[in-house]
Amino acid sequence: TVHASPFKGDPDALVQPVVVLGGAELERKRKATIGELLEGELGVSTSDFGPGVGRPVIRGQGGSRVLVLSNGLSALDVSSVSDDHAVSIDPGFAEQVEIIKGPATLIYGSAASAGVVNVVDHRLAEKVTPGFASAAELSYGDNGRDFNGKAELEYGFGKNQLHADFGGRSTSRFDIPGNSASDGSGEQGRIPNSQGKTANGAVSYSRIGEQGSVSAAVSTFNATYGLVVEPTAFIDLKQTRLDLQGLLLEPLAGFKNLRAKFAGNVYTHTEFEDVGVPGTKFYNQEQELRIEAEHKPLGIFHGVIGVQAGQRRFEARGEEALAPKTDSVQVGLFAIEQAPFTLIVPGQFEIGARAELVSHQPSPEKIDPRLGLPSRSNDFVPLSISAGTLFVLDDSHHLRFSISRSERAPTPEELYAFGPHAATAVYERGNQGARKEAASNFEISLDRHKGRWTWLGNIYYEQIRDFVYLAEAPADGRNADGSDSGEDAAPGQTIALVDEEGSFVRSDSPDAAEAFTLADYRQATARFYGAEAETRYKFLTGPVKLSGRLFGDLVRAALVNGGDLPRITPPRYGVGFDAARGPLSAGATLTKVAAQQHFALDGPTASYTLLSADAAYRLPMTDGEATVFLRGRNLLNEEARRATSFLKDVYPLPGRSIFVGFNVSF
């Protein structure tokens, strides 16, 4: 069941392609961050800001354009503000992870203009599991002394379901095959300042009856991790979150169900320059409410109508307070309808629309006077519409078409940023006059989903008008506020360099190595297009099972008037296999990541090859199941640098890593 879809249906029956990871496949791929977990999926990579930080990048787009959800509501963190901010969701507790590639603005608003990742766990139950149940897992990775542990407890009685979980991770610095810096100026054999710790947990209660259910959960997420771009800097993150959920069956005549969800949080994280030396502190208080009502068939149509509202207060205090304290409000109304049809072959038609109001109100006293921003709010009304069809060619083949026009409102950071960001070595200047992005998207998908031989292929094209992006400012000898520095730019310097105060720095100055690249948020028309394909074949289906897999994806992104975009996923292709006999299972995947020669704000990225493998053995238990496992990552010990990472020139992927562990459930 796809929880991210308002229809809560089977993935094969949905018009928009959805990838669902669960069961043994999820266990095998499970990693420390949601970005790392999903990076091997077609069209998905990770922003990768160190071993403890990784946010999904979908078809070349990430940050504020990819919405990460916990049980259908926002993560309520600040991971979309900057790549060095961690997602406050531990994928170790995920029951399944769902990926909607392409605009999902109709369902979740303009923050989902590139896609949605929804992490589903056991915290908000809709059914009772009688009696006591528990699960636990422990693992150790030799690279970086990587300890991981988690436990879940559940007890169901009558109409009541109780749940508790807790877990954590501890790592030291990670080993690499060469130098941490691409130019050889870093640490040899180690990733400096790459250690980290996380601790999180939750308690919840659900009451389930014949007419519906109500659930409440309180959770915490705490993380401390080094910023590998600086020798001693680290982030200390804390979040406390409340989730409420209600489901009412047959609430009114003509309606099948009514579902309501609410989440609120208190979030802080502090960026320390060193132990006991706090720097910038981030505050994020956010609430989100979502109500969906699924109506019964009206003629041939059946669908969902809903309302979504959110309020956010974001503030940063300190030397790297890039944006002023801002209050943001979002209210959206949406409707999605489906209808069966027959046109040579049977199929399903879907159409939907959403109207939204997004308002950002900066605090006047917090605005950097050099930026000269007015105190009025910035209001936007994103409108989105989409249509799609699913053709059932036969019982094994599906053909999907979808077309959409979606709009995205700029974020406070894109509007009001003004200042240095040490983690990315960029001095950002916002664009207070930024307009809504308007994206036109088209996608075709064809798949064979039954039989020994299965395959799928997707091709897509998206043109985004007024696309917001960071671009280097020219080296004209001016300071960040536009004032004349009194000296000319050094010959051959094409981009402006400034110090922490925004003052111009010549490229031949001794301070140039410590300077920031001055970059502005600009708008232009951009195009994203690409393809994804995968085929699987079951060679053996008897007592011994053996299957193989070939896969590949590519995305090309550029400005229509010329120029590349930064941190775009390079082409990837690979081969894998899975085998099983009785309680023993094993698999391996070899992935080739091509060089990225199209870039901005940084340089090219070399190609690399990654080999991963795993093996597991199930142990018999009277009232449960236990599994011991062995997993290997980067077994070729390659020097691998991701083109999607701000840190690719100072942070390679960890070298060869071997994990051993066990999990048990009863």
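Computed from heavy atoms alone, side chains included, the values below leave out hydrogens, waters and symmetry copies.
- Using a cutoff of 4.0 Å between basic side-chain nitrogens and carboxylate oxygens, K101 and E41 are not scored as salt-bridged.
- Using cut-offs of 30° and 60° for the angle between ring planes, the F401 and F391 rings count as perpendicular.
- The line from CG of L611 to CZ of R656 is 9.5 Å long, rounded to the nearest 0.5 Å.
- If you take CD1 on I235 and CZ on F49, they are separated by 8.0 Å, rounding to the nearest 0.5 Å.
- Here the OG1 atom belonging to T609 is positioned 10.0 Å from the CG atom belonging to N634, to the nearest 0.5 angstrom.
- The CZ atom of R59 lies 4.0 Å from the CD atom of E443; values are rounded to the nearest 0.5 Å.
- Of the N and O atoms on the side chains of Q348 and E350, not one donor lies less than 3.5 Å from an acceptor on the other residue.
- Of the possible polar contacts, one joining the R55 side chain to the G63 backbone as a donor-acceptor pair under 3.5 Å is found.
- The line from CH2 of W455 to OH of Y537 is 15.5 Å long, rounded to the nearest 0.5 Å.
- With Y108 as the aromatic partner, R290 meets the cation-pi criteria of under 6.0 angstrom to the ring centre and within 45 degrees of the ring axis.
- Residue D578 comes nearest to R536 through the heavy atom pair OD2-NH1, 4.4 Å, listed as atom of the first residue, atom of the second, then distance.
- D77 places a side-chain N or O within 3.5 Å of a backbone atom of S88 that can act as its donor or acceptor partner.
- Taking CD of E137 as the reference point, atom CZ of F629 lies at 4.0 Å (rounded to 0.5 Å).
- Counted by atom type alone, T171 and D146 present zero donor-acceptor pairs between their side chains at under 3.5 Å.
- When atom types are taken as modelled, the side chain of T605 and the backbone of Q596 share no donor-acceptor pair closer than 3.5 angstrom.
- Counted by atom type alone, R207 and N160 present one or more donor-acceptor pairs between their side chains at under 3.5 Å.
- Taking the side-chain hydrogen bond (donor to acceptor under 3.5 Å, both in side chains) definition, one finds that S402 meets it with nothing, sequence neighbours left out.
- For the salt bridge (charged side-chain N to carboxylate O under 4.0 Å, His left out) test, residues two or more places apart in sequence or in another chain that qualify with D165 are R123.
- Residues meeting the side-chain hydrogen bond (donor to acceptor under 3.5 Å, both in side chains) test with E294, sequence neighbours left out: N257, H302.
- Within a 6.0 Å radius of CZ in F659, more than 12 heavy atoms belonging to other residues, nucleotides or ligands are found.
- Enclosure of atom CZ in R145 is not indicated, since only 12 or fewer non-hydrogen atoms of other residues, nucleotides or ligands lie within 6.0 angstrom.
- The main-chain N or O of D175 is found under 3.5 Å from a side-chain atom of N143 such that the two form a donor-acceptor pair.
- Residue K592 qualifies as enclosed at atom NZ: its count of foreign heavy atoms under 6.0 Å is above 12.
- Minimum heavy-atom separation, L42 to A533: CD2-O, 3.7 Å.
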